[in-house]
There are 2 protein chains.
Amino acid sequence: MTTTIAPQGRTELRRPDRTPVRVLVVDDEAPLAELLSMALRYEGWEVRSAGDGAGAVRAARDFRPDAVVLDVMLPDMDGLSVLGRLRREYADVPVLFLTARDAVEDRIAGLTAGGDDYVTKPFSLEEVVARLRGLIRRSGSAVAAGRSESTLVVGDLVLDEDSHEVSRGGQSIHVTATEFELLRFLMRNPRRVLSKAQILDRVWNYDFGGQANVVELYISYLRKKIDAGRTPMIHTRRGAGYLIKPGE
Amino acid sequence: MTTTIAPQGRTELRRPDRTPVRVLVVDDEAPLAELLSMALRYEGWEVRSAGDGAGAVRAARDFRPDAVVLDVMLPDMDGLSVLGRLRREYADVPVLFLTARDAVEDRIAGLTAGGDDYVTKPFSLEEVVARLRGLIRRSGSAVAAGRSESTLVVGDLVLDEDSHEVSRGGQSIHVTATEFELLRFLMRNPRRVLSKAQILDRVWNYDFGGQANVVELYISYLRKKIDAGRTPMIHTRRGAGYLIKPGE
DNA sequence: CCCGTGTCTGTGAATTGCCTGAGAAAGCTG
DNA sequence: CAGCTTTCTCAGGCAATTCACAGACACGGG
């Protein structure tokens, strides 16, 4: 039997005429840096990566990134020193920190005051991409991180990536964090079948080791909230995956 | 092992003016690599193959493929290391992973996140070709893998490979996963007789051991769905096979 | 016009894939 | 720390799908 899984797609095209957004990834865990780079390239961004603080500073110098993804735990110097050096010569670049969940929240909190942001490890790729997009959009250094709006619209369904608000037909709907990310991923790929594996890859944390049927479960949750009563927008393609599209 | 065989024409002449799409196949099971290579050449692509990771990296260097088909289980290094090396010197090449069905959960996690894709063994050739086509189309490195749209059209029959939707004369038609693949194969070869053996080879998994009359059965299913009432588009050539063409 | 081979299709059984309720565990909030 | 929310596992149940089988049918050569 053939498992049919949909090809993967991106929502928007890739600003073919503009110089691409440049992102520097700084993390000493190679596989993680690799994973991030792949995901960010897929967003149409140009990516360079460095494995330590010294390398980061060097790379920043000639790469001149529009944003930096920075692990706060690095072998040679800690993230804060790296940040200091980056800022010294390159004041405005927005930074997305990667930090362990239990790590000193306060220090990070202070840092993000400047308009930077952070995500805790383990993260989901959707999360990182979304935050980065927000940072770049707000920094304005590169005019667009692929889209100018922070709102996704499919039919009468609206999702605001900034406020995390969802509404259908004007009526506000409460969704949990996971539901939100799943819905965002679906809405960024409207009318495109997304396989359970793809969804798992993007929406769940990279170290998630659970059952693939969480996806089914959350689809079920979303349907109860989004499609309840109304014309269904979330559709199952048996043997292939799920897709969202406006009701007729 | 590195085999090079000249690209081979077929169906419509693919991009006669352009340099052909180049695909690198990496698999240590020789018969499988052979099967794949043949199928891909048949698509009009230029194929090279390698049997291990080292060979893959070497081949990539001078062959500069537009896409790579990569078995995640290789004798010398695992697929991830190969991927790493390929990416290091050749960042944007899209990769289609081949993986055992049950290995999906752990090893593949994260791989498809970057826009790559995968199929599980045993696969159908139709599946592999379709995925590869999608990857190449989206990567944009080679502008066209034969077509720019994700939609196949024959007469008033339309099949969308992204949404997995089929419609005739504007009326939407539900098809199952197998029906979808069969129809896709027919529509990709309009007005051309396809033998039952060919269909079995392309649409069913390569290890399918069943009765050859499943093809007849599924043709029958498709006819009920797409030809019902209307001018028939699926025709039988007794003793030869089937073909699809627009009604008069 | 008849027969044989090749094709079509109804029936039904086994399998697979999906949905969802119940509840355990972990996280948050006040 | 108690109570509420959220995430996730597990397992039962249902429905769609796949496929084998076998008899009916149709085409075309003689």
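This one's a predicted model, so the numbers in the text were calculated from it and none came from an experiment. FYI, side chains are in, hydrogens and waters are out, and symmetry mates aren't considered; it's all heavy atoms of this structure. In the text below, chain A, chain B and the rest are named by the order of the sequence lines, each starting its count at 1.
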A.B. asks: Between C:dA22 atom C1' and A:Lys224 atom NZ, what is the distance in whole Å?
C.D. replies: 11 Å

A.B. asks: Between P on C:dC18 and CG on A:Leu243, what's the gap in Å once rounded to a whole number?
C.D. replies: 13 Å

A.B. asks: Using whole Å, what does the distance between atom C1' of nucleotide D:dG23 and atom CD of B:Glu216 come to?
C.D. replies: 14 Å

A.B. asks: For A:Leu217, answer base if it contacts any base atom (sugar-phosphate contacts may also be present), sugar-phosphate if it contacts only those atoms, and nothing otherwise; contact means non-hydrogen atoms under 4.0 Å.
C.D. replies: base

A.B. asks: Starting from P on D:dC19, measure out to CD on B:Glu181 and report it in whole angstrom.
C.D. replies: 11 Å

A.B. asks: Can we say B:Lys121 and B:Asp71 salt-bridge, meaning some charged N sits less than 4.0 Å from an Asp/Glu carboxylate O?
C.D. replies: yes

A.B. asks: Compare side-chain N and O positions of B:Trp204 against OP1 and OP2 of D:dT18 and report whether any pair is under 4.0 Å apart.
C.D. replies: no

A.B. asks: Aromatic rings B:Phe208 and B:Trp204: how do their planes relate, parallel, tilted or perpendicular, breaks at 30° and 60°?
C.D. replies: tilted

A.B. asks: Would you say A:Ser220 reaches C:dT20's phosphate, i.e. side-chain N/O to OP1/OP2 under 4.0 Å?
C.D. replies: yes

A.B. asks: To the nearest Å, give me how far apart CD1 (B:Ile219) and C1' (D:dC19) are.
C.D. replies: 16 Å

A.B. asks: Looking only at side-chain N and O atoms, does A:His174 come under 4.0 Å of OP1 or OP2 in D:dT6?
C.D. replies: yes

A.B. asks: C:dG6 phosphate, OP1 or OP2: any side-chain N/O from B:Thr236 under 4.0 angstrom?
C.D. replies: no

A.B. asks: To the nearest Å, give me how far apart NE2 (B:His164) and P (D:dT17) are.
C.D. replies: 14 Å

A.B. asks: Look at the side chain of A:Glu179 and the backbone N and O of A:Thr176, then say whether any donor-acceptor pair between them is shorter than 3.5 Å.
C.D. replies: yes

A.B. asks: Please state whether the base of D:dC8 and the side chain of A:Tyr221 form at least one donor-acceptor pair under 3.5 Å?
C.D. replies: yes

A.B. asks: Mind calculating the distance between CG (A:Asn205) and C1' (D:dT7) to the nearest angstrom?
C.D. replies: 11 Å

A.B. asks: Write down the distance between CD (B:Gln211) and P (C:dA14), rounded to a whole number of angstrom.
C.D. replies: 17 Å

A.B. asks: If only atom types and distance count, is the side chain of A:Asp160 paired as donor or acceptor with the main-chain N or O of A:Ser163 below 3.5 Å?
C.D. replies: yes

A.B. asks: Between B:Glu126 and B:Arg131, is the closest basic N to carboxylate O distance under 4.0 Å?
C.D. replies: no

A.B. asks: Looking only at side-chain N and O atoms, does B:Thr176 come under 4.0 Å of OP1 or OP2 in D:dT18?
C.D. replies: yes

A.B. asks: Side-chain N or O of A:Tyr218 versus OP1/OP2 of C:dC18: is the shortest distance under 4.0 Å?
C.D. replies: no

A.B. asks: I'd like to know if B:Arg238 reaches the base of D:dC27 with its side chain such that a donor and an acceptor end up less than 3.5 angstrom apart.
C.D. replies: yes

